[in-house]
Amino acid sequence: MTNLLTKSALRWHVLGWLLYGGYEFLGVFLHSKHLRISLWLTASLLFIRFIEFYLCYLVVYPRLLRSGRGPQLVAALAGVLALYIGLRALIEEAIYPALLGFHNYTPDTTATYYIFDNVFFGSPMIVLSAAVWGAQAALHRERENRQLREEKRAAEVAFLKTQINPHFLYNTLNMLFSMAYPVAKPVANAILKLSELMRYMLHDTPDGQVDLEKEIEYLHNYLALYRLRFPDSFHVDFQVNGEPAGHRLAPLVLIPFVENAIKHGVLDDPAHPVHIHLNIEGEQLQFKVENQRNDGNKDTTTGIGLPNLRRRLELLYPGRHALHAGAEGEQFTTSLRLVG
C-alpha cells in the first residue's frame with residue numbers, strides 16, 4: 001500500500017491533533033484542581049498516544065491488516081499496548097517523581113489494576129488509528145480505481161480512433177507480397193514479415209494472455225525486418241534458454257526492451273552485438289537485453305516505451321515482477337523477471 005501520509009493528509013492529521021490536544025488541555029484548565037500536575041500528565045498522555053497512533057497507522061495496519069495475518073496482527077497490537085503501558089509507567093511513575101515530585105497512580109496500586117486500567121485507556125487510540133487508516137486506504141483505492149477507469153477510457157478512445165479493419169490490412173499486404181515476390185524477393189519477404197507483425201499486434205486475446213512462443217516469434221520477425229533493412233550492419237544475438245511451450249504472458253511485454261536497444265544502441269559493431277537473452281526456469285521468466293550506448297539518436301520513432309511498460313506491469317503483475325534498467329559505463333542493461 002502506498003504511504004497514505006501525503007501532504008494533503010498531513011494537514012488533516014496536524015489539524016486533528018491540534019483539535020484533540022486543544023480539547024484535552026481546555027478540559028484541564030476548566031476542571032482541574034491541580035493545574036500543574038494535570039498539565040504535565042495530559043502532555044505525557046498526548047505524547048504516548050501520538051506514538052501509539054502512528055505505530056499502528058504507519059507500521060502495524062499497513063503490514064498486517066490483511067487476510068491470513070490475524071495472529072500476527074493480534075500479537076502486534078498486544079505489543080503496542082505493552083509499549084503504551086511501559087511508556088506511561090516510565091514517564092509517570094519514574095521520570096515525573098524524580099524530576100517533578102509526583103506520581104499519577106497512588107503507591108498502593110496493584111500491577112493487575114495498573115495493566116487493566118491502561119489497556120482500557122490505550123485501546124481507543126488503537127481503534128481510532130484503524131478507523132483513520134481504513135478510511136484513507138479506502139479513499140486511496142477509490143482514487144486509484146478512478147484513475148484506472150479514466151486510463152482505460154482514454155485507451156479505448158485512442159484505439160477507436162486508430163482502429164483499422166484487420167482483414168483489409170492482411171488482404172492488402174498479401175496482395176503486395178504476391179506482386180513483389182516475382183520482382184524483388186527481399187521486398188516480398190519484408191512485406192511478409194510486416195504482415196506477421198501486424199497480425200500479432202491486432203490479434204484478439206480474450207484473457208489478455210498469449211503463448212510465449214508467439215511472443216518469441218514476434219521478436220524474431222521484428223529483428224528480421226531490421227536485418228532486411230541493414231543486412232551488413234545489424235548485429236544482434238538473440239538466445240532462448242528453456243522450454244517456452246506451455247507458458248503464457250501479456251502480449252507485447254518483451255518488445256519495449258528490444259525497441260529501446262535498437263533505438264539507442266550500437267548495432268554495427270560485430271565485436272559488441274546487442275545481446276537478447278530469454279531464460280525460462282519453471283514458472284519464472286527472465287528477459288535481459290544488453291547493448292552499447294549510442295549518444296547519437298538514430299531513431300526518433302516512439303515505441304511502447306519503458307515508462308509505459310512499468311505502469312502496465314504494475315497492473316498486470318502486481319508483486320510478481322522485477323524490472324531494472326540502467327547504464328554501467330558504455331553498457332546499458334534492461335532486465336525483467338516475471339513469476340507465473
Side-chain angles (χ1 to χ4, degrees), residues 1-3 6 144 147-148 151 155 158 193 197 200-201 210 212-242 244 247 249-340:
M1 176 70 67
T2 305
N3 183 13
T6 60
E144 279 193 336
Q147 181 181 352
L148 289 176
E151 291 178 359
K193 295 298 181 184
L197 285 175
Y200 181 76
M201 292 175 67
V210 296
L212 179 56
E213 294 169 300
K214 294 292 185 182
E215 185 83 358
I216 294 172
E217 182 183 358
Y218 177 81
L219 295 180
H220 278 300
N221 289 331
Y222 183 84
L223 295 172
L225 272 179
Y226 268 91
R227 286 195 179 93
L228 289 172
R229 288 179 61 190
F230 312 104
D232 300 321
S233 58
F234 187 76
H235 301 284
V236 174
D237 173 37
F238 183 17
Q239 297 182 17
V240 178
N241 300 316
H247 292 269
L249 79 168
L252 302 174
V253 164
L254 305 182
I255 188 62
F257 297 91
V258 180
E259 281 187 336
N260 191 66
I262 291 176
K263 182 177 180 181
H264 300 291
V266 176
L267 306 175
D268 58 359
D269 185 357
H272 300 90
V274 175
H275 293 285
I276 305 173
H277 292 168
L278 175 62
N279 294 311
I280 306 154
E281 295 182 4
E283 295 298 317
Q284 189 171 122
L285 181 151
Q286 184 82 30
F287 189 64
K288 186 175 183 180
V289 179
E290 296 177 304
N291 62 272
Q292 274 190 297
R293 298 168 63 189
N294 189 346
D295 294 332
N297 191 352
K298 310 181 302 301
D299 187 355
T300 58
T301 58
T302 302
I304 296 174
L306 293 179
N308 289 343
L309 179 62
R310 290 183 188 276
R311 177 62 175 163
R312 191 170 175 225
L313 289 169
E314 290 173 0
L315 298 175
L316 296 175
Y317 296 93
R320 296 187 292 121
H321 77 279
L323 174 61
H324 300 285
E328 295 183 6
E330 295 299 315
Q331 200 78 2
F332 190 86
T333 302
T334 54
S335 65
L336 171 67
R337 180 174 59 85
L338 294 179
V339 179

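The first residue in the sequence is number 1, and the count goes up from there. As the structure is a prediction and not an experimental result, all values here were calculated from the model.
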Is there a side chain to side chain contact (heavy atoms under 4.5 Å, CB included) between L323 and F257? Walk through the geometry before answering. CA-CA 11 Å; L323 174 61; F257 297 91; 3.4 Å; yes
Evaluation steps, side chain to side chain contact (heavy atoms under 4.5 Å, CB included), between V236 and N291: CA-CA 9 Å; V236 174; N291 62 272; over 6 Å; no
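Distance CD1/I255 to OH/Y218: 5.0 Å, rounded to 0.5 Å. The distance from atom CD of E144 to atom CG of L315, rounded to the nearest 0.5 Å, is 9.0 Å. A distance of 11.5 Å separates CD in E259 from CG in L254, rounded to the nearest 0.5 Å. Taken from CD in Q292 to NE2 in H275, the straight-line distance is 9.0 Å, to the nearest 0.5 Å. Atom CG of L212 is separated from atom CG of L285 by 5.5 Å, given to the nearest 0.5 angstrom. In this structure, L219 CG and F238 CZ are separated by 4.5 Å, a value rounded to the nearest 0.5 Å.
At a threshold of 4.5 Å between non-hydrogen side-chain atoms, the residues D237 and V274 do not count as touching. Residues E281 and Q286 have side chains not in contact (no heavy-atom distance under 4.5 Å, counting atoms from C-beta outward). You'll find the side chain of L278 reaches within 4.5 Å of the side chain of I216, heavy atoms only. Side-chain contact between H220 and E217 is absent, with no heavy-atom pair separated by less than 4.5 Å.
Between Y226 and F234, the angle of the ring planes stays under 30°, which puts this pair in the parallel group of the 30/60° scheme.
Residues that satisfy the side chain to side chain donor-acceptor pair (under 3.5 Å) test with N279, not counting sequence neighbours, are N241.
Heavy atoms only, all atoms of each residue included: A250 and R312 are closest at CB-NH2, 4.0 Å. When all heavy atoms are compared, the tightest approach of D269 to V266 is CB-CG1, 3.9 Å. For the pair A325 and R310, the tightest heavy-atom approach, listed with the atom from each and the gap, is CB-NH2, 4.0 Å.
Put simply, the side chain of E215 never gets that close to the backbone of L249: no donor and acceptor are under 3.5 Å apart. With R293 contributing its side chain and E328 its backbone, the two residues share no donor-acceptor pair below 3.5 Å.
Applying the ring-ring contact (aromatic ring centres under 6.0 Å, His included) rule to pairs touching residues 309-340 yields nothing, sequence neighbours excluded.
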Give the table of side-chain donor-acceptor pairs shorter than 3.5 Å for residues 333-340, with sequence neighbours excluded, one pair per line with atom names and distance.
none

